Amino acid sequence: MTQRLTIRRPDDWHVHLRDGAMLEAVLPWTARQFGRAIVMPNLDPPVTDMARARAYRERIHATLPEGAGFQPLMTCYLTDRTDPDDLALGHAEGVFTAAKLYPAGATTNSAHGVTDIANIRPVLERMERIGMPLLVHGEVTDPEIDIFDREAVFLERVLAPLRRDFPALNVVLEHVTTAEGVAFVEEGGSGLAATITPHHLIINRNALFAGGLRPHAYCLPVAKRERHRLALRRAATSGSARFFLGTDSAPHTVERKESACGCAGVWNAPFALEAYTAVFDAEGALDRLEAFSSENGPRFYGLPLNSGTVTLERSAGMVPERIGEVVPFGAGESFGWSLAADA
Ligand code: NCD
Ligand code: ZN
């Protein structure tokens, strides 16, 4: 049985680092595991232009622990009024790595999101031309659609037409949660990929109601039925280069989670690699962890692979019940692995 596993340093292709005191609390955890991360722009107010992205990136750099070799990759929050010139300039100047499409109202701080794809056609045309990836929160917001069906309906109503209209646009279906999403990506061409979170690989929707209402298992897109979780595990461990690591780590304080109207988001940053490793181990696919975590993402984005390594060791180490003001994913449990050292 493998006791130690050394892999190329991974990246997190989807993370919420927040701002201010929360940024200070959570950034060291992500920087400790990952070489780079795609930083989500859903601050309040959102990161909608180059100036805001530059300023946010500086705040992240200023918050990084001494000597951390971590690189934040910034994204632009698309709105109905995104300026294609600012976006393209931001991409050319290395400020924006990608742009994020939040359907208006889909999730935390998405009120400024796009109300109709038709409103951002010139933006998408430009992104397609300059080779800038589009990252999508793949859920419709139509209140008539059952919350567990919102991803599948998004594929039909939004993503399929978008792929037809912009065939050369590189698209990442973020935090895919359904068998339909997995199939859509598998059937798509080389310009379509998906990130998969550790929590969607580990929990299904029963976790939301296990012995009572469980706010710390609530995120968006919400966890689905068991068959979907199994489809995600198959996709992640399949060896396909179009699925890669994206934690969607999304911290909220205990107070904001344990509430009559609790916020969506799972904070998995402290033990993200441990969680993924446990999944690949259980699936007999430890030999595929490195491609999923450290190779498929940079190749899709056209970025170099990281040069350092990380080592995971089998361990009975427990996830603390709480870290500061936030409850981490897996609290009070062990993933059976722990991050040993990096080189
Ligand atoms: C995210 C957040 O809190 O910012 N929440 C979540 O449940 N994933 C927003 C998002 O990515 O949907
Ligand atoms: Zn997210």
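Both counts, for ligands and for their atoms, begin at 1 and track the order of listing. Heavy atoms only: backbone and side chains are in, while hydrogens, waters and symmetry mates are out. We number each residue from 1, following the sequence as shown. Model, not experiment: these values are computed from the prediction.
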Exercise. What about V172 and M127, same hydrophobic cluster or not, with Ile/Leu/Val/Met/Phe/Trp/Tyr joined at side-chain heavy-atom distances under 4.5 Å?
Worked result: no

Problem set entry | For atom 7 (O) of ligand 1, the protein heavy atom that lies nearest, with its residue and separation | L220 N, 2.8 Å

Exercise. Is it true that some N/O/S atom of H16, main chain or side chain, lies under 2.8 Å from the Zn ion (ligand 2)?
Worked result: yes

Exercise. Is it true that H252 lies under 4.0 Å from ligand 1, counting heavy atoms only?
Worked result: yes

Problem set entry | Y102 N/O to ligand 1 N/O under 3.5 Å | no

Problem set entry | side-chain hydrogen bond (donor to acceptor under 3.5 Å, both in side chains) between S338 and E313, intermediate numbers included | CA-CA 5 Å; S338 70; E313 287 174 340; 4.9 Å; no

For this session: Could you tell me whether some N/O pair between A250 and ligand 1 is separated by less than 3.5 angstrom?
Result: no

Exercise. Among M74, K100, R18, which one satisfies side-chain contact (heavy atoms from CB on, under 4.5 Å) with M40?
Worked result: K100

For this session: Please determine, by modelled atom types, if E24 and T63 share a side-chain donor-acceptor pair under 3.5 angstrom.
Result: no

Exercise. Between the main-chain N or O of R234 and the side-chain N or O of E283, is there a donor-acceptor pair closer than 3.5 Å?
Worked result: no

Exercise. Hey, is ligand 1 close enough to C219 that some N/O pair sits below 3.5 Å?
Worked result: no

Exercise. When only distance counts, is V266 in polar contact with ligand 1, meaning an N/O pair under 3.5 Å?
Worked result: no

For this session: From the options I117, T141, T115, select the one residue that forms a side-chain contact (heavy atoms from CB on, under 4.5 Å) with P103.
Result: T141

Exercise. Of the protein's non-hydrogen atoms, which lies at the shortest distance from atom 5 (N) of ligand 1, and what is that distance?
Worked result: A264 O, 3.1 Å

Exercise. Any idea how W29 and W267 line up, ring-wise: parallel (<30°), tilted (30 to 60°), or perpendicular (>60°)?
Worked result: perpendicular

Seminar exercise, completed: When distances are taken from atom 8 (N) of ligand 1, the protein heavy atom at minimum range is D248 OD2, 2.7 Å

Problem set entry | Connected via hydrophobic side-chain network under 4.5 Å: V15 and V327 | no

For this session: Would you check the N or O atoms of H16, main chain and side chain alike, for any that come under 3.5 Å of an N or O of ligand 1?
Result: yes

Exercise. Do L78 and L162 belong to the same hydrophobic cluster, where Ile, Leu, Val, Met, Phe, Trp and Tyr are linked whenever their side-chain heavy atoms lie under 4.5 Å apart, directly or via other members?
Worked result: yes

Problem set entry | Which atom of D248 approaches the Zn ion (ligand 2) most closely (N/O/S) | OD1

Problem set entry | R57 atom CZ, over 12 foreign heavy atoms within 6.0 Å | yes

Exercise. Which atoms of ligand 1 sit under 4.0 Å from any heavy atom of H137?
Worked result: 12 (O)

For this session: Name the closest protein heavy atom to atom 12 (O) of ligand 1, giving the residue it belongs to and the distance to 0.1 Å.
Result: T107 OG1, 2.7 Å

Exercise. From the Zn ion (ligand 2) out to just under 2.8 Å, does an N/O/S atom of H14 turn up?
Worked result: yes

Problem set entry | Contact with ligand 1 for E139, non-hydrogen, under 4.0 angstrom | no

